[in-house]
Amino acid sequence: MGSELTYRRHEPQTISDSYSPKPNKPWLSVIRPIRYMLREQRLIFVIVGILIGAVFIAVLPSSTTNASNRQITYRDAYSVSEVAQMMNPGRPVYRPGFGGLNSGGKVPLGLKRKGLRIVVTGGAGFVGSHLVDRLIARGDSVIVVDNFFTGNKDNVMHHFGNPRFELIRHDVVEPLLLEVDQIYHLACPASPVHYKYNPRNALTPDLAGVRSCYDEGKRTAETLAMDYHRGAGVEVRIARIFNTYGPRMCIDDGRVVSNFVAQALRKEPLTVYGDGKQTRSFQFVSDLVEGLMRLMEGEHVGPFNLGNPGEFTMLELAQVVQETIDPNAKIEFKPNTEDDPHKRKPDITKAKDLLGWEPKVALRKGLPMMVSDFRQRIFGDHKDSSSSA
């Protein structure tokens with residue numbers, strides 16, 4: 001017996017187990033939407049909505065223009081690697097830095113840049129401390145690693161108490177594990193007084209010159225950096241730094257600018273080695289820091305020469321120091337030092353073309369700032385040396 005349904009009249013009715021679908025009526029699929037639109041004036045409301053939308057778009061054309069501009073700004077503000085990161089959000093993009101993962105770089109206009117976590121080895125030294133100042137001012141968190149062989153806490157003391165600044169006393173010849181986005185490796189004594197005193201880690205038995213520990217050390221560092229880059233995929237940037245001067249230089253480090261300035265302030269003869277015709281180029285420290293940061297944030301490995309191509313003979317430099325400090329300062333000639341290069345002038349064409357960088361501060365503009373710093377450290381104030389001697 002089949003299943004039963006009870007209706008209002010309580011009359012049992014037999015339902016057949018077999019199923020017979022109703023005949024298909026394809027014309028209903030066309031008629032039903034039309035009936036729905038015509039019922040209760042729905043069609044009128046649709047037309048009115050379309051007209052309102054058209055009027056809104058016509059009255060506010062600037063919105064489309066602004067959106068287009070934002071799109072162009074967004075596109076131009078990102079590098080190729082950062083666009084790749086947007087297309088593949090799960091894949092990290094390795095940005096400039098010695099092995100660092102950098103989520104920074106350029107950001108769309110109007111958005112605040114996210115600060116990076118950056119290590120500066122030698123960050124309490126002359127160049128490193130100026131770099132730290134720029135990074136902190138940019139909003140980054142900075143870890144300074146320095147053994148104070150040539151660096152000085154006074155150079156970074158003004159950052160003490162800043163939660164984005166850390167200082168670690170450590171010699172970089174020993175391992176140190178830190179999680180950071182970028183590493184600026186500036187832990188290298190660059191003055192003759194210091195690198196001759198401690199020439200370790202640059203054993204060069206076939207090159208016995210007194211400068212070989214310095215020259216070959218730089219060459220070895222570049223080789224190791226490129227080996228890690230090619231073999232392990234570590235992102236590196238290589239800068240070749242030429243003569244740099246400015247505040248916070250070691251006063252008696254044996255380099256010619258600091259020698260001349262200190263000697264003139266102390267009323268001592270300016271010591272010129274050889275005939276004084278050998279040339280050097282001098283860049284102000286702020287120009288170098290700008291070049292290092294552009295190199296780090298760029299897409300090119302290098303090496304890049306960072307220096308000022310304007311040449312001065314040693315006699316010309318001595319005359320500029322005389323003009324700046326003491327026109328009556330005497331010049332004293334001594335035998336030239338061993339392995340002293342006769343000419344040192346950087347070719348910065350590559351840095352100009354690929355980094356958009358070139359030095360801006362002329363020697364006669366930068367030297368007075370260095371003199372003011374030296375005068376304060378030698379005599380304890382900003383007064384003229386003649387009143388303090």
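Along the sequence shown, residues are numbered consecutively beginning with 1.
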Minimum-distance pair of heavy atoms, taken over all atoms of [X] and [Y]:
X	Y	result
Ile251	Ile378	CD1-CG1, 3.8 Å
Ser281	Pro346	OG-CD, 3.0 Å
Gly291	Leu306	C-CD1, 3.9 Å
Gly123	Val132	O-CG2, 3.9 Å

Using the side-chain hydrogen bond (donor to acceptor under 3.5 Å, both in side chains) criterion, which residues pair with [X]? Sequence neighbours excluded.
X	answer
Glu222	Arg240
Gln263	Thr271
Ser258	Asp253

Side-chain donor-acceptor pairs under 3.5 Å in residues 157-165, sequence neighbours left out?
unit_1: His158; atom_1: NE2; unit_2: Asp133; atom_2: OD1; d: 2.9
unit_1: His159; atom_1: NE2; unit_2: Asp133; atom_2: OD1; d: 2.6
unit_1: Asn162; atom_1: OD1; unit_2: Arg164; atom_2: N; d: 2.9
unit_1: Arg164; atom_1: NH1; unit_2: Ile136; atom_2: O; d: 3.2
unit_1: Arg164; atom_1: NH1; unit_2: Asp140; atom_2: O; d: 2.6
unit_1: Arg164; atom_1: NH2; unit_2: Ile136; atom_2: O; d: 3.3

Pairs touching residues 319-328 that satisfy salt bridge (charged side-chain N to carboxylate O under 4.0 Å, His left out), sequence neighbours left out: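 Listed by first then second residue: Lys267-Asp326, Glu323-Arg364.
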Keeping the roles fixed (side chain from Asp181, backbone from Leu116), state whether a donor-acceptor pair exists under 3.5 Å.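 No; judged by distance alone, with no hydrogens or angles, the pair does not exist.
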Restricting to pairs with a member in residues 288-326, which pass ring-ring contact (aromatic ring centres under 6.0 Å, His included), not counting sequence neighbours?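 Checked against ring-ring contact (aromatic ring centres under 6.0 Å, His included) - neighbours excluded - no pair reaches residues 288-326.
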Pairs flagged by ring-ring contact (aromatic ring centres under 6.0 Å, His included) wherever residues 239-267 is involved - sequence neighbours left out: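 For residues 239-267: Tyr245-Phe284.
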For [X], all residues meeting salt bridge (charged side-chain N to carboxylate O under 4.0 Å, His left out), sequence neighbours excluded:
X	result
Lys352	Glu358
Asp154	none
Glu268	none
Glu316	none

List the residues meeting side-chain contact (heavy atoms from CB on, under 4.5 Å) with Arg169, not counting sequence neighbours, and say none if there are none.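 By the side-chain contact (heavy atoms from CB on, under 4.5 Å) rule, Arg169 matches Phe148.
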Between Arg138 and Glu297, is the closest basic N to carboxylate O distance under 4.0 Å? yes
How far does CG of Asp287 sit from NZ of Lys360, to the nearest 0.5 angstrom?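 Output value for this atom pair is 8.5 Å.
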